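Report on the following structure.
Reckoned from all heavy atoms, side chains included, excluding hydrogens, waters and symmetry mates. Chain letters run A, B, ... following the sequence lines, proteins first and then strands; every chain starts at 1. Note that the structure is a prediction, hence the values are computed from the model and not measured.
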Number of protein chains: 2
Amino acid sequence: MLRLSKKADYGLIAVRHLAEQPKHTACSAKEIARAYGIPTELLAKILQKLAKGGLLVSQHGTNGGYTLAKPAREISAFEVIRAIEGPLFITSCVTDKRECSQMTRCTVREPLQKVNETLVKALSAVTISSLSDSSGALVQIEGGAL
Amino acid sequence: MLRLSKKADYGLIAVRHLAEQPKHTACSAKEIARAYGIPTELLAKILQKLAKGGLLVSQHGTNGGYTLAKPAREISAFEVIRAIEGPLFITSCVTDKRECSQMTRCTVREPLQKVNETLVKALSAVTISSLSDSSGALVQIEGGAL
DNA sequence: AAATATCCGACAACTTCAGTCGGATATATA
DNA sequence: TATATATCCGACTGAAGTTGTCGGATATTT
């Protein structure tokens with residue numbers, strides 16, 4: 001079905017939420033989870049991955065939580081998804097290790113990798129700020145160009 | 001990880017194989033499966049779906065099998081994938097039924113659906129004939145890496 | 001010291017995917 | 001007509017991934 005995982009969805013929602021906060025105001029995992037009805041412990045682990053991936057900055061202790069590590073305009077949906085789900089490949093064969101030893105004449109792969117590149121570009125063009133702003137105007141322009 | 005299923009891969013390989021056959025020459029599921037090391041029964045079911053989806057024409061009996069229902073240039077990778085995996089949605093929420101009742105303020109969906117449209121266009125632009133044509137030389141280079 | 005919150009691994013329930021099996025129907029050939 | 005071939009179809013199993021939970025360790029503020 002080629003769909004994005006819920007974790008990625010949750011991550012995008014959370015990052016967008018952080019982008020709408022007044023600057024230097026941290027949000028805890030619990031706070032965001034409750035706001036959107038996401039399981040707290042699950043979102044906590046997602047935010048940890050985003051922090052580990054350098055997209056968020058974490059702060060321990062009372063009134064701690066997460067803040068964006070960069071301006072919202074410099075964070076793309078692709079970065080968020082990759083930090084949560086790992087490298088993004090549309091083909092089922094090529095992951096990290098060698099597979100596909102069975103089908104020597106598989107010419108399907110190369111054209112699909114170009115589709116993969118197109119997808120990465122499309123996801124990279126969607127910034128977190130574009131999710132918050134009007135969620136329409138900017139993206140419609142870029143959507144037409146792709 | 002947002003990857004295509006093996007079934008879709010198998011389907012693309014099989015359709016491309018059929019596209020390379022001399023006209024009006026049918027190939028059986030068993031024949032194709034053995035040529036690429038794909039489990040016979042599995043490929044059989046995939047080809048049945050493609051036939052049901054109107055992309056292939058099936059022929060019972062001895063020397064029967066499958067042939068393309070249309071010229072290879074008029075069959076896209078998107079059609080093959082959709083016939084096998086069903087409708088293609090990148091977002092995890094929107095499928096056929098209404099979900100996402102929890103998050104009312106979810107502005108993530110709309111920009112991602114445009115990414116989805118981009119992906120569909122990219123997959124639609126990849127025709128089966130394009131899998132056969134240019135790939136020969138190029139893929140043998142990459143074939144060593146597989 | 002206490003409350004808060006990130007961090008981390010292990011685990012269970014659930015769903016999907018990949019592959020298998022048995023059997024029914026249809027067709028060409030001898 | 002008999003036989004071999006091949007599509008067709010549903011049900012089933014095992015593997016793998018997804019989703020969510022739990023317990024506990026560490027860090028920080030009050």
Sugar-phosphate only, base, or nothing, as touched by K45(B) at under 4.0 Å among non-hydrogen atoms: base

Gap between atom CG of L112(B) and atom CD of E110(B) - 0.5 Å precision: 9.5 Å

Atom-pair distance (CG on L18(A); P on dT6(C)), nearest Å: 11 Å

Between P of dG19(C) and CG of L42(B), the distance in whole Å: 6 Å

Presence of salt bridge, E117(B) and K121(B), under 4.0 angstrom: no

Among dT18(D), dC8(D), dT6(C), the nucleotide that comes nearest once only the side chain of S28(A) is considered: dT6(C)

Intermediate values then yes/no, side-chain contact (heavy atoms from CB on, under 4.5 Å), V57(B) and Y66(B): CA-CA 6 Å; V57(B) 173; Y66(B) 296 92; over 6 Å; no

Closest nucleotide among dA5(C), dC8(D), dA6(D) to the Q48(B) side chain: dC8(D)

Nucleotide of dT6(C), dA28(C), dG19(C) approaching K6(B) most closely (side-chain heavy atoms): dG19(C)

Validation row: L18(A), T25(A) side chains within 4.5 angstrom (heavy atoms): no

Residue whose closest nucleotide on DNA chain D lies nearer the 5' end, N63(A) versus H60(A): H60(A)

Toward the 5' end of DNA chain D, by each residue's nearest nucleotide, G61(A) or T40(A): T40(A)

Phosphate-side-chain proximity, Y10(A) and dT18(D), N/O vs OP1/OP2 below 4.0 Å: no

OP1 or OP2 of dC8(D) under 4.0 Å from side-chain N/O of S58(B): yes

Minimum-distance nucleotide (side-chain atoms of T62(A) versus dA6(D), dC8(D), dA3(C)): dA3(C)

Sugar-phosphate only, base, or nothing, as touched by A29(A) at under 4.0 Å among non-hydrogen atoms: sugar-phosphate

Test: E79(A) and K70(A) ion pair at under 4.0 Å: yes

Value in whole Å for how far the C1' atom of dA18(C) lies from CG of L43(B): 13 Å

Whole-Å distance separating the CD atom of E41(A) from the C1' atom of dA5(C): 12 Å

Value in whole Å for how far the C1' atom of dT15(C) lies from CZ of R3(A): 9 Å

Nucleotide dT6(C), atom C1' - distance to NZ of K52(A) in whole Å: 13 Å

Value in whole Å for how far the P atom of dT19(D) lies from CD1 of I38(A): 12 Å

OP1 or OP2 of dT16(C) under 4.0 Å from side-chain N/O of S5(B): no

Short side-chain N/O contact from Q59(B) to OP1 or OP2 of dA28(C), under 4.0 Å: yes

Atom-pair distance (NZ on K49(B); P on dC17(C)), nearest Å: 9 Å

